[in-house]
Amino acid sequence: METVKEKKKAPKKTTTIKITGAEAIIHCLLAEGVDLLYGYPGGAIMPVYDELYKFQDKLTHILTRHEQGATHAAQGYARVTGKVGVAMATSGPGATNLVTGLADAQIDSTPMVCITGQVPRHLLGSDAFQETDIIGISTPVTKWNYQITTASEIAEIMAKAFYIAKSGRPGPVLVDITKNAQFEEFEFSYEPCKGVRSYNPVPKPDKNAIASAAELINKAKKPLIVWGQGVILGKAEAQLKAFVEKCGIPAAWTILGASALDTDHPLNVGMVGMHGNYGPNVLTNECDLLVAIGMRFDDRVTGSLDTYAKQAKVIHFEIDPAEIDKNVKAAVAVLGDSKETLELLLPLVHKNTHEAWHNKFKEKYQIEFDEVIKNDIHPTKEGLTMGEVIEEINLASKNKAVIVTDVGQHQMIACRYAKFKQSKSSITSGGLGTMGFALPAAIGAKMGAMDREVVAIIGDGGYQMTIQELGVIFQHQVPVKIVVLNNDHLGMVRQWQELFFDKRYASTVMVNPDFVKIAEGYHIEAKRVSERKNLKAGVQEMIASDMPYFLEVKVEKEANVFPMIPSGASVSDIRLK
């Protein structure tokens with residue numbers, strides 16, 4: 001007689017239904033928990049949109065005004081929620097318009113699935129109307145991509161797409177579906193993907209490596225932690241805080257790591273990188289141990305690799321083996337999920353304070369405050385500064401807002417001065433540096449976190465690259481707040497021209513339209529501030545509004561962002577003016 005222990009569970013029955021490939025796509029999205037996606041319809045994806053029409057009560061589609069806007073909105077949604085963002089477009093130009101967003105998501109490790117329509121299988125390679133080899137085009141900027149040519153492939157490939165996008169080091173996946181596959185009927189059943197042969201998304205931690213890391217940490221006299229977005233993606237914020245507090249190690253962040261640790265935490269010493277804080281940049285070249293957690297030693301962080309932290313031993317906590325020793329040689333590499341590896345490390349490290357070492361950071365901060373910060377936040381000159389605008393937003397939002405930034409001077413100022421009390425509060429285009437990112441990304445972020453204040457900080461240049469997405473805000477009444485810091489220039493390019501090209505301001509002056517009237521044309525409440533006496537009231541009114549709101553602030557035309565590490569220079573060569 002068979003015992004209870006010996007009894008085998010009956011295999012779970014999978015329900016199959018006969019449906020078209022187009023309807024199968026919708027069922028796959030629903031099975032993966034998708035309830036919101038962004039896109040733009042067209043001929044080659046029309047069968048899927050036809051099915052989407054039938055599922056409006058379960059799946060909300062947001063019509064963006066450009067396919068690039070769809071990808072950035074999906075990115076903003078993914079970054080604030082931790083879920084997979086979804087974007088959809090037709091073939092040809094619709095698909096190619098996704099490429100910038102794919103590239104941005106790839107370098108910033110954002111989980112996203114993009115679905116594109118394609119010409120029928122029998123027309124592939126014939127230069128048919130709106131045919132583009134999107135698989136070939138997108139291969140360098142996706143974590144994985146695949147072209148479906150028969151309906152029977154849909155369930156397996158879609159499950160695999162979501163698994164790959166969100167597992168391990170996240171990234172974008174593109175699935176291209178020929179039109180014939182959308183029309184074909186087949187027996188559909190769906191099983192979520194739980195693994196892919198030869199793909200190991202989360203390396204198993206090596207306890208010997210963790211022990212070696214702990215030994216170095218315990219012996220170090222002048223250790224420095226630099227954390228990146230890997231802490232946020234790994235949901236390791238609590239572990240980072242516990243580690244920092246137990247060891248008493250000064251901790252700095254990369255631009256994508258912002259908000260993982262409270263801005264005002266006493267052990268948070270600021271941002272590293274080209275426009276980061278003076279102390280953590282300079283003292284990188286004085287520390288005896290550099291503990292890197294979930295960051296990739298980007299060139300904007302390291303400056304010249306020939307001079308970067310050569311005196312220090314490096315411990316690199318990283319989920320992606322490809323990042324180990326890629327730019328900076330590690331004395332100890334700890335592979336694995338940051339939450340798991342930090343939890344294994346915590347019992348092995350000693351309690352410490354490193355008081356004398358901390359005092360060095362305080363001294364450097366005072367130098368930076370006197371030379372730079374004081375003038376940015378509390379200026380005595382007549383013109384408005386970007387820094388004082390960010391400070392007013394901090395005060396009005398009580399440091400609780402999600403800040404979404406575009407790319408340029410305003411981005412660096414916002415990243416330097418925005419204050420955060422909650423993780424996933426800073427959303428920006430880091431690695432690719434995509435102008436036009438912020439407006440659609442803020443829409444996605446707000447739709448993913450309706451209970452949070454979302455403020456987009458944008459320059460007058462980047463704003464006009466995706467300004468048409470105001471149509472989404474109007475149509476869906478997305479209560480996002482938009483702040484355009486208008487200096488009538490492509491500010492960051494102008495700064496480089498001033499400092500490194502003898503003030504030859506080639507093609508950086510902007511002749512701008514009336515931004516307030518444009519916002520009003522989309523029935524969005526809008527105001528302009530050009531004098532300091534009106535700034536506080538303008539920001540407070542914007543934050544207090546429960547509707548979409550546009551605020552243009554006219555700031556100094558030729559102000560520069562400091563500190564600054566010149567391109568290719570050492571972090572020790574950071575300039576304060």
Side-chain angles (χ1 to χ4, degrees), residues 19-29 34 37-55 59 61-75 85-106 112-158 160-162 164-165 172-186 440 466 468-469:
I19 56 176
T20 65
E23 186 177 348
I25 294 292
I26 306 302
H27 283 287
C28 292
L29 294 175
V34 177
L37 74 157
Y38 301 87
Y40 206 101
I45 196 68
M46 206 173 293
V48 175
Y49 271 88
D50 186 53
E51 293 297 334
L52 190 60
Y53 180 83
K54 303 171 188 176
F55 286 85
L59 191 54
H61 177 272
I62 303 299
L63 173 65
T64 56
R65 279 17 182 198
H66 191 285
E67 293 88 352
Q68 182 178 338
T71 57
H72 294 328
Q75 286 178 273
V86 181
M88 190 157 65
T90 192
S91 63
T96 58
N97 282 342
L98 301 178
V99 171
T100 298
L102 287 167
D104 196 286
Q106 172 78 338
M112 181 166 67
V113 170
C114 289
I115 301 164
T116 54
Q118 185 55 274
V119 300
R121 181 175 55 184
H122 73 277
L123 290 178
L124 290 173
S126 70
D127 291 332
F129 177 67
Q130 291 194 333
E131 181 196 1
T132 299
D133 179 11
I134 194 60
I135 296 299
I137 291 169
S138 66
T139 294
V141 294
T142 51
K143 188 176 178 184
W144 183 66
N145 62 14
Y146 190 90
Q147 185 175 76
I148 293 173
T149 58
T150 61
S152 60
E153 298 178 284
I154 288 173
E156 180 185 355
I157 296 305
M158 289 296 292
K160 191 174 176 182
F162 276 88
I164 290 173
V173 170
L174 181 135
V175 178
D176 193 43
I177 307 172
T178 58
K179 200 165 184 180
N180 64 285
Q182 297 173 49
F183 281 121
E184 290 170 4
E185 288 192 342
F186 73 114
T466 50
Q468 69 275 3
E469 302 306 333

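Closest non-hydrogen pair, Val141 versus Ile137, comes out as CG2-O, 4.5 Å. Minimum heavy-atom separation, Ala22 to Pro47: CB-O, 3.4 Å. The minimum heavy-atom distance between Ala151 and Glu184, with the atom names listed, is N-OE1, 2.9 Å. When all heavy atoms are compared, the tightest approach of Ala165 to Val113 is CB-CG2, 4.0 Å. Ala95 approaches Thr116 most closely through the heavy-atom pair CB-CG2, 3.9 Å. Counting all heavy atoms, side chain and backbone alike, Leu63 lies closest to Tyr40 at CD1-CD1, 3.9 Å.
Separation of atoms NZ (Lys179) and CG (Leu123) is listed at 10.5 Å; rounding is to 0.5 Å. Residue Met112 holds its CE atom at 13.0 Å from NZ of Lys143, rounded to the nearest 0.5 Å. Rounded to the nearest 0.5 angstrom, Leu102 CG and Gln68 CD are separated by 10.5 Å. Atom OG1 of Thr142 and atom CD1 of Ile135 lie 7.5 Å apart (nearest 0.5 Å). Leu174 contributes atom CG, which lies 10.0 Å from atom CH2 of Trp144 (distance to the nearest 0.5 angstrom). Note: Gln118 CD to Ile148 CD1 = 12.0 Å, rounded to the nearest 0.5 Å.
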Would you sort out whether Thr466 and His66 count as a side chain to side chain contact (heavy atoms under 4.5 Å, CB included), showing the intermediate values? CA-CA 8 Å; Thr466 50; His66 191 285; over 6 Å; no

After noting the C-alpha distance and the side-chain angles of Lys160 and Val173, does the key distance pass the side chain to side chain contact (heavy atoms under 4.5 Å, CB included) rule? CA-CA 10 Å; Lys160 191 174 176 182; Val173 170; over 6 Å; no

What do the steps show when you test Met158 against Leu29 for side chain to side chain contact (heavy atoms under 4.5 Å, CB included), and what is the final call? CA-CA 8 Å; Met158 289 296 292; Leu29 294 175; 4.1 Å; yes

Let's go through Phe162 and Val86 carefully: what are the C-alpha distance in whole Å and the side-chain angles of both, what is the deciding distance for side chain to side chain contact (heavy atoms under 4.5 Å, CB included) to 0.1 Å, and is it a yes or a no? CA-CA 10 Å; Phe162 276 88; Val86 181; 4.0 Å; yes

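Two residues are said to be in side-chain contact when any heavy atoms from C-beta on lie closer than 4.5 Å; Thr149 and Leu124 meet this criterion. Put simply, the side chain of Pro93 reaches to within 4.5 Å of the side chain of Gln130, judged on heavy atoms. In this structure the side chain of Leu52 reaches within 4.5 angstrom of the side chain of Met88, judged on heavy atoms. Counting only heavy atoms from C-beta outward, the side chains of Asp176 and Asn145 never approach each other to under 4.5 Å. In this structure, Ile134 and Val99 have side chains that are in contact, with non-hydrogen atoms separated by less than 4.5 Å.
With ring centers used as reference points, Phe55 lies under 6.0 Å from His27.
The backbone N or O of Arg65 sits less than 3.5 Å from a side-chain atom of Glu469, completing a donor-acceptor pair. At distances below 3.5 Å, not a single donor-acceptor pair connects side-chain atoms of Asp104 with backbone N or O atoms of Thr100. No side-chain donor-acceptor contact under 3.5 Å links Asn180 to the backbone of Thr150.
Open room surrounds CD on Glu156; 12 or fewer heavy atoms of other groups in view lie less than 6.0 Å from it.
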